[in-house]
*Asks:* 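One structure follows; several queries about it will come next.
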Amino acid sequence: MSDHNTQVIPPGSKSYFAHALTIGLNVKFAKFATDKQLRKKFGNMTYAAAVAKALQSYTPLEVELHFEGLAIYKHDAAGQPVGKPSILDKTITMRRKVAQVTIVNSPVFWGALQATVPGVNLHDRLLDIIVIEDNRLEKLLHKILNFFRRRTAQKAEQEDWYTQFPELLAAERTNIPGIHHVQARDITIYSCGKRAEVTLDGEIRGQTPIHARVADEALNIIVP
């Protein structure tokens, strides 16, 4: 865990993340969680304190997301995705006011909080993208907790979101209104109005617009 002077990615260059890329609420959490004074004051409770402070200062972001290679699944009678997905060969674009957008390639993120995302596969060469829509804070917390308590991916029901973005209904992997989980090969995130900070693996490393895809090379890991 480092401090706020972590080197930022210069515009137009590239970097890597192994775990998660986020914009929105988690960026504020990262700022508080890496603050020296907060860590000194709260010790082992720093993560909990950082969550509370991030929620107190919550403001939504309006974003435009461009999905490339969106994964479309078939579902069984219980709403479970079955078989391998088909991949759309066109760009799907959506614009929405959000609390957070997270891109993961591993089922667990948020560090010590151990939030888990069902249905994430390290080997499918797809990014898992979680979009949390803006809402009142108490409803937002309730939806987030329900999302991370699930153990399986579930087909969504029709709602306003899918009237605006019909292709995303067939790609949806959660049935919790206001939280969306889709998979794609590539995504580009634009923030409307001004640039938004971006975290890579919990460190603030760049700004929007930002493009993410699965790297061509495998990651070598040395375990002591």
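Heads up: numbering here begins at 1 and tracks the sequence.
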*Asks:* What distance do S86 atom OG and K74 atom NZ have between them, rounded to the nearest 0.5 Å?
*Replies:*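 Interatomic distance, S86 OG to K74 NZ, rounded to 0.5 Å: 8.0 Å.
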*Asks:* Decide, yes or no, whether a salt bridge links E62 with R95 under the criterion of side-chain N to carboxylate O below 4.0 Å.
*Replies:*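 Yes, this pair counts.
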*Asks:* Please check if the side chain of E172 supplies one atom and the backbone of H181 the other of a donor-acceptor pair under 3.5 Å.
*Replies:*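 Side chain of E172 to backbone of H181: a pair is present.
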*Asks:* Does E68 pair with R213 as a salt bridge, N-O distance under 4.0 Å?
*Replies:*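 R213 and E68: not salt-bridged.
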*Asks:* Has D201 got a side-chain atom pairing as donor or acceptor with A20's backbone, closer than 3.5 angstrom?
*Replies:*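 Yes.
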*Asks:* Any side-chain heavy atom of S15 sitting closer than 4.5 Å to one from L200?
*Replies:*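 Side chain of S15 against side chain of L200, heavy atoms only: contact under 4.5 Å found.
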*Asks:* Same cluster or not: are V214 and F17 linked, directly or through other Ile, Leu, Val, Met, Phe, Trp or Tyr residues, by side-chain heavy atoms under 4.5 angstrom apart?
*Replies:*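 Same hydrophobic cluster.
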*Asks:* Kindly give the heavy-atom pair with the smallest separation between A196 and S191, and that separation in Å.
*Replies:*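 Looking at all heavy atoms of both residues, the closest pair is N-OG, 3.2 Å.
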*Asks:* I want to check something: taking the side chain as every heavy atom from C-beta on, are V131 and R96 in contact at a cut-off of under 4.5 Å?
*Replies:*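 When only atoms from C-beta onward are counted, R96 and V131 do not touch, as no gap falls below 4.5 Å.
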*Asks:* How long is the straight-line distance from CD1 of I130 back to OG1 of T174, given to the nearest 0.5 Å?
*Replies:*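 It is 9.5 Å, given to the nearest 0.5 Å.
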*Asks:* Please check this pair: side chain of R195 against backbone of T208, looking for a donor-acceptor N/O pair closer than 3.5 Å.
*Replies:*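 Looks like yes, one N/O pair under 3.5 Å.
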*Asks:* Output the distance between atom NE2 (H180) and atom CG (L169), rounded to the nearest 0.5 Å.
*Replies:*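 If I round to the nearest 0.5 Å, the distance is 10.5 Å.
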*Asks:* Checking Q183 against D124 for the side chain to side chain contact (heavy atoms under 4.5 Å, CB included) test, could you report, in this order, the C-alpha distance in whole Å, the side-chain angles of both residues, the deciding distance, and whether it holds?
*Replies:* CA-CA 10 Å; Q183 295 176 313; D124 59 10; 3.4 Å; yes
*Asks:* Could you tell me which non-hydrogen atom of L126 sits nearest to which non-hydrogen atom of G69, and how far apart they are?
*Replies:*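 Closest approach of L126 to G69: CD2-O, 4.4 Å.
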*Asks:* Between the side chains of T22 and T199, is a donor N or O closer than 3.5 angstrom to an acceptor N or O?
*Replies:*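 There is such a pair between these side chains.
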*Asks:* Are any of the side-chain heavy atoms of V63 and I23 separated by less than 4.5 Å?
*Replies:*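 Yes - at least one pair of side-chain heavy atoms lies under 4.5 Å apart.
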*Asks:* For N105 and L122, which heavy atoms make the closest approach, and how far apart are they?
*Replies:*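 Residues N105 and L122, closest heavy atoms: O-CD2, 2.6 Å.
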*Asks:* If every non-hydrogen atom of I204 is compared with every non-hydrogen atom of E197, which pair is closest and at what distance?
*Replies:*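 Shortest heavy-atom separation between I204 and E197 comes out as CG2-OE2, 3.9 Å.
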*Asks:* Run L88 and I72 through side chain to side chain contact (heavy atoms under 4.5 Å, CB included) and show every step you take.
*Replies:* CA-CA 7 Å; L88 289 185; I72 304 299; 3.8 Å; yes
*Asks:* Is there a path of hydrophobic side-chain contacts, each under 4.5 Å between heavy atoms of I, L, V, M, F, W or Y residues, that connects M94 with I103?
*Replies:*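 Yes, one cluster joins them.
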*Asks:* Okay, side chain of T93, backbone of H66: is any donor-acceptor separation there less than 3.5 Å?
*Replies:*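 Such a contact is absent between T93 side chain and H66 backbone.
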*Asks:* Given side-chain hydrogen bond (donor to acceptor under 3.5 Å, both in side chains), test Y162 with E167 step by step and report yes or no.
*Replies:* CA-CA 7 Å; Y162 308 111; E167 293 92 348; over 6 Å; no
*Asks:* Determine the minimum heavy-atom distance between E64 and C192, stating which atoms define it.
*Replies:*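 Shortest heavy-atom contact: N-SG, 4.2 Å.
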*Asks:* To the nearest 0.5 Å, tell me how far L127 CG sits from L70 CG.
*Replies:*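 Rounded to the nearest 0.5 Å, the CG-CG separation comes to 11.5 Å.
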*Asks:* With a 3.5 Å distance limit and no angle check, can you tell me whether R125 reaches the backbone of A215 through a side-chain donor-acceptor pair?
*Replies:*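 Such a contact is found between R125 side chain and A215 backbone.
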*Asks:* Please determine whether side chain to side chain contact (heavy atoms under 4.5 Å, CB included) holds for the pair I187 and I189, giving the CA-CA distance in whole Å, both sets of side-chain angles, and the decisive distance to 0.1 Å.
*Replies:* CA-CA 7 Å; I187 181 174; I189 303 175; 4.2 Å; yes
*Asks:* Any link between F165 and L61 through a network of hydrophobic side chains (Ile, Leu, Val, Met, Phe, Trp, Tyr) touching at under 4.5 Å?
*Replies:*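 Same cluster.
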*Asks:* Are I176 and L25 in one and the same hydrophobic cluster, where Ile, Leu, Val, Met, Phe, Trp and Tyr link if side-chain heavy atoms are under 4.5 Å apart?
*Replies:*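 Yes, one cluster joins them.
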*Asks:* So which of D186, T188, T91, V182 actually passes side chain to side chain contact (heavy atoms under 4.5 Å, CB included) with F67?
*Replies:*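 The single option meeting the side chain to side chain contact (heavy atoms under 4.5 Å, CB included) with F67 is V182.
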*Asks:* Set out, in order, the CA-CA distance, both residues' side-chain angles and the distance that settles salt bridge (Lys or Arg N to Asp or Glu O under 4.0 Å) for K97 and E133, then state yes or no.
*Replies:* CA-CA 6 Å; K97 190 173 285 189; E133 293 187 71; over 6 Å; no
*Asks:* What heavy-atom pair brings A71 and P85 nearest, and what distance separates the two atoms?
*Replies:*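 Scanning both residues, the minimum pair turns out to be CB-CB, 3.8 Å.
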